[in-house]
Asker: 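Handing you a structure now.
Note that the coordinates shown come from a computational prediction; the quantities given were computed from them, not determined experimentally. Every number for a ligand or one of its atoms is a count from 1 in the order of the listing.
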Amino acid sequence: LASSDGFARRSGEIYLDTAAEGLLPACAAEGAEAYLRDKSRGSPGRQAMFEEEGKAKAAAARLLGAAAEDVAFLPSASDALNLVAASLDWRPGDQVVSTDLEFPSGILAFLRLKDRGVRLEVVPSRGGTVSAAQICSAIGPATRVVMLSQVSYKTGTIMRELPEIAREAHRRGALLCVDATQAMGRTPVSMDGVDFLTASSYKWLLGTHGAGIACLGAGLLDRMRPAAAGWYSVDDLFGANRFTDFRPKAGAAQLAAGMPNFPAIYALRRSLEMLEAAGIPRIEQELAPLMAALRSGFCRLGLDVLTPAGADGDSGIVSFAHPEHQAIGAALEKRGIVVWRGDGRVRASVHLYNTVADVEALLQGLEAVMAEEAIVNCTKA
Ligand SMILES: Cc1ncc(COP(=O)(O)O)c(C=O)c1O
């Protein structure tokens with residue numbers, strides 16, 4: 001492992017797969033060690049853990065323009081989506097509106113309510129985008145939730161019209177639920193109009209596995225009843241009425257039934273603060289030329305680019321479709337270039353530790369790989 005730039009990575013490797021796994025900064029690794037030190041103190045170490053959790057909530061809240069009380073740490077983004085979906089009072093005939101750019105967890109959390117009569121309306125993308133107008137026209141009187149990723153895991157498409165969609169959803173009495181896993185830490189994310197937001201810890205936020213940020217918008221708690229309760233989520237833990245009643249903690253704290261994943265939280269707090277110091281708008285701005293080079297390079301190679309050209313900036317993801325995606329990804333890996341491959345696509349993703357040289361290496365590698373006999377033949381077949 002080399003970590004000359006403060007990120008642990010395999011030396012000599014070109015790493016362009018943050019959309020799957022972010023690299024771990026030294027500060028996050030130190031955070032995990034600090035957890036082990038506090039844990040080794042036994043119960044007296046708990047106070048430090050609770051303080052870390054508070055600081056991590058505050059750091060996450062600052063990136064979202066929210067209050068620390070609105071943030072909870074759940075085991076993963078998928079768990080957070082499932083918890084909110086299970087906590088709403090569904091009626092047969094209720095509808096959830098989403099798109100075909102959505103990550104499977106955002107769909108599954110609601111699809112599993114099918115046996116309770118909840119219908120899923122999937123708005124199809126055109127050329128890698130779904131317009132706000134398409135989504136708004138799918139929202140009807142039965143819509144209870146609009147489920148959208150701010151950045152699509154598949155195409156990197158940025159949904160910029162979330163506030164506009166939120167207004168229409170609210171006008172119809174529906175909630176806007178946002179999966180910001182592929183956005184937070186790389187592109188500015190805001191709770192403006194959002195009722196529930198989640199983001200996973202181990203990609204652009206540069207943390208370890210084991211934490212899903214959950215952030216509640218104003219008024220959401222009045223419209224849901226948390227589907228879980230435990231000692232960590234109630235105020236009157238040892239109250240006289242504890243066998244007959246309970247009082248949930250105020251704010252998002254009522255979502256976490258038991259001890260959260262402290263090791264993940266220690267690491268995440270430091271990564272969040274590092275990203276905040278770097279400045280998300282600055283990261284976005286400085287990486288924009290790399291994204292443009294990547295996209296135009298893919299086009300120049302004649303690849304079927306899935307990522308729409310961004311009118312006012314890009315996400316950290318560019319992907320292309322190819323029948324030989326597995327062979328292409330494997331051949332690149334042999335050359336020491338890591339991208340994601342699967343589901344008919346190759347996806348490259350760029351974060352603050354990437355350079356123009358990484359992008360050039362990928363494009364050169366890709367050019368060579370695409371000319372390899374095996375891939376040319378497979379593509380023709
Ligand atoms: C948009 C999106 N949401 C959620 C996840 C999964 O996050 P978690 O493992 O924390 O549930 C992914 C992983 O690729 C993703 O791309």
Asker: With only distance considered, is S105 within less than 3.5 Å of ligand 1 through an N or O on each side?
Answerer: no
Asker: Would you call R270 and E273 a salt bridge, taking side-chain N to carboxylate O under 4.0 Å as the test?
Answerer: no
Asker: Between D94 and R144 (salt bridge meaning N to carboxylate O under 4.0 Å), is one present in this structure?
Answerer: yes
Asker: Just wondering, are more than 12 heavy atoms of other shown residues or ligands nearer than 6.0 Å to CZ in R225?
Answerer: no
Asker: In the protein, which heavy atom is nearest to atom 11 (O) of ligand 1, and how far is it?
Answerer: S78 OG, 2.5 Å
Asker: Could you check atom 9 (O) of ligand 1 against the protein and tell me its nearest heavy-atom contact, residue, atom and distance included?
Answerer: Y202 OH, 2.7 Å
Asker: When you measure from the heavy atoms of K203 to every atom of ligand 1, does any distance fall below 4.0 Å?
Answerer: yes
Asker: Minimum distance, heavy atoms only, to atom 3 (N) of ligand 1: which one of L101, I213, D179 is it?
Answerer: D179
Asker: Enumerate the atoms of ligand 1 whose separation from the nearest heavy atom of S76 is less than 4.0 angstrom.
Answerer: 8 (P), 10 (O), 11 (O)
Asker: Please state which part of H209 comes within less than 4.0 Å of ligand 1, counting heavy atoms only: side chain, backbone, both or neither.
Answerer: neither
Asker: Please confirm whether F262 and Y35 have ring centers closer than 6.0 angstrom.
Answerer: no
Asker: Using a plain distance cutoff, I'd like to know if Q182 has any nitrogen or oxygen under 3.5 Å from a nitrogen or oxygen of ligand 1.
Answerer: yes
Asker: Mind checking whether W90 and F110 have parallel, tilted or perpendicular rings, split at 30° and 60°?
Answerer: perpendicular
Asker: Checking the N or O distance criterion of under 3.5 Å, is ligand 1 in contact with Y153?
Answerer: no
Asker: If only atom types and distance count, is the side chain of K203 paired as donor or acceptor with the main-chain N or O of A20 below 3.5 Å?
Answerer: yes
Asker: Please check whether F103 reaches ligand 1 - meaning an N/O of the residue sits under 3.5 Å from an N/O of the ligand, judged on distance alone.
Answerer: no
Asker: Taking the minimum heavy-atom distance to atom 10 (O) of ligand 1, which of A80, A19, P75, S200 ranks first?
Answerer: S200
Asker: Donor-acceptor pair, distance only, cut-off 3.5 Å: does the side chain of H170 make one with the backbone of R167?
Answerer: no
Asker: If you measure from CD1 on I135 to OG on S131, what distance do you get to the nearest 0.5 Å?
Answerer: 7.0 Å
